[in-house]
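First the structure, in the form of structure tokens, and then the observations on it.
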Amino acid sequence: MYDASRTAPTIQPMIHLDRVFKLYVRSFQALVDINFSVSSGERVVICGPSGSGKSTLIRCINGLESIDSGRIEVDGVFIPGQSAALQQIRRTVGMVFQQFNLFPHMTVLENCTLAPIRTARLSRAEAEELAMHFLTRVRIADQAKKYPAQLSGGQQQRVAIARALATKPKVLLFDEPTSALDPEMVKEVLDTMVSLAEDGMTMICVTHEMGFARKVADRVAFMSAGKIVETAAPDAFFSAPRNESLKTFLSTLLNH
Ligand code: ADP
């Protein structure tokens, strides 16, 4: 029987989820038998209705949530595993959150140097040089001395992207990075993400920005009730959806 959640095997996936299940206490199954691979350099967009498990899925990939069964492999390291494995995965995977999650009492520069100093054990001068490189990369170096509250939402999200890049991740996970932004700020963040994609960064983006999906995604995955029910290249995904929930989802998006 055709199983849309099973993707074609790749030679050496950067990320591989094998029969992953996740159940929150007193909740429905948040993830149900997830089998999914992402290759190095691949850009995957995940969409689906609210509560379908998208955020849970990417939070499990960097160990922010534990899984109940199955296995996740990230760049050759497995979870569940030893705590050292989890640390290793967190160094490999950078995360950008919907609400930016910057430290409000630290300047932009301090937000971006914290992890390089603490976990990569760089000197302050080295960490600042690295942070300024990535703040320049997201075109916000001139705001380095400011505090997050002094910046717009779009600027804060670009700082959050620079902070993630400063840990030199092999994979970036985005959890609805533009949904907390005012409409006029969405483009600046999406443009930054497009330019990262063009640089070859491996990316998994939970987003409903379908223009972004069409432009940069190698594959788009649709989640419904904890399962990945359809995965396809953008053209096929949007022009010939097979799953009934996906058809409904796409028509709802079009009517907004
Ligand atoms: P999405 O990102 O697609 O909106 P989530 O992954 O946030 O979906 O949530 C999937 C399901 O898990 C939902 O039913 C949600 O209510 C539930 N859930 C998410 N986080 C928790 C939590 N910390 N505790 C209990 N249930 C949760």
Side-chain angles (χ1 to χ4, degrees), residues 4-7 15-38 43-72 74 79-80 86 89-90 93-101 153 157 160-161 164 171-181 186 189-190 193 202-213 216-217 219-232 234 237-238 241-256:
S5 72
R6 285 173 200 272
T7 53
I15 295 171
H16 181 64
L17 286 83
D18 185 25
R19 284 171 285 160
V20 169
F21 286 76
K22 166 78 183 170
L23 174 71
Y24 288 111
V25 180
R26 288 192 293 278
S27 145
F28 296 111
Q29 286 276 6
L31 297 179
V32 183
D33 195 17
I34 301 284
N35 297 278
F36 193 61
S37 290
V38 177
R43 284 76 49 108
V44 176
V45 163
I46 299 176
C47 60
S50 180
S52 57
K54 307 177 299 293
S55 181
T56 301
L57 175 65
I58 61 166
R59 290 168 67 84
C60 285
I61 291 174
N62 75 346
L64 282 174
E65 297 286 354
S66 59
I67 58 176
D68 290 299
S69 66
R71 203 157 75 141
I72 300 177
V74 180
I79 37 178
L86 199 53
I89 285 175
R90 292 204 177 129
V93 178
M95 179 102 178
V96 176
F97 300 89
Q98 184 176 350
Q99 298 290 347
F100 329 133
N101 293 13
Q157 193 59 297
I161 293 172
V171 181
L172 269 185
L173 307 178
F174 293 86
D175 190 0
E176 302 207 31
T178 57
S179 49
L181 298 176
V186 169
V189 172
L190 289 179
M193 293 167 64
T202 308
M203 296 165 68
I204 304 180
C205 309
V206 173
T207 182
H208 291 154
E209 294 291 339
M210 293 299 128
F212 172 80
V216 309
R219 274 187 297 148
V220 188
F222 176 71
M223 289 191 73
S224 175
K227 297 181 187 166
I228 296 178
V229 295
E230 187 147 336
T231 310
F237 186 90
F238 292 111
R242 296 176 300 248
N243 179 275
E244 287 306 319
S245 318
L246 173 56
K247 288 179 191 172
T248 308
F249 178 78
L250 290 176
S251 64
T252 311
L253 278 187
L254 282 177
N255 293 329
H256 275 86

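We count ligands from 1, going down the list as the structure has it; atoms in each ligand are counted the same way. Count residues from 1 along the sequence.
Put simply, the side chain of Val206 does not reach to within 4.5 Å of the side chain of Ser55, judged on heavy atoms. A heavy-atom distance below 4.5 Å is found between the side chains of Arg219 and Phe36. By the 4.5 Å heavy-atom criterion applied to side chains, Phe222 and Leu250 are not counted as neighbours. The shortest side-chain heavy-atom distance between Leu190 and Met193 falls under the 4.5 Å cut-off.
Among Ala225, Cys60, Ser55, the residue whose heavy atom lies closest to atom 7 (O) of ligand 1 is Ser55.
Between Val96 and Ala160 the shortest heavy-atom distance is CG2-O, 4.3 Å.
When only interatomic distances are considered, the shortest N/O to N/O separation between Glu176 and ligand 1 does not fall below 3.5 Å. The distance criterion of under 3.5 Å between nitrogen or oxygen atoms is not met by Glu65 with respect to ligand 1. Looking at ligand 1, you won't find any N or O of Val25 less than 3.5 Å from one of its N or O atoms. Between Gly53 and ligand 1, at least one N/O pair is under 3.5 Å apart.
Within the 4.0 Å heavy-atom cutoff, Gly226 does not count among the residues contacting ligand 1.
Shown in contact with Ser52 at under 4.0 Å from a heavy atom are these atoms of ligand 1, numbered in order with element: 1 (P), 3 (O), 8 (O). Residue Ala30 has at least one heavy-atom neighbour below 4.0 Å for each of these atoms of ligand 1: 12 (O). Listed by number with element, the atoms of ligand 1 under 4.0 angstrom from any heavy atom of Pro49 are 3 (O).
Partner of Phe174 under the side chain to side chain contact (heavy atoms under 4.5 Å, CB included) criterion, chosen from Ile161, Val45, Ile204: Ile161.
For Arg59, the salt bridge (charged side-chain N to carboxylate O under 4.0 Å, His left out) criterion is met by Glu65, not counting sequence neighbours.
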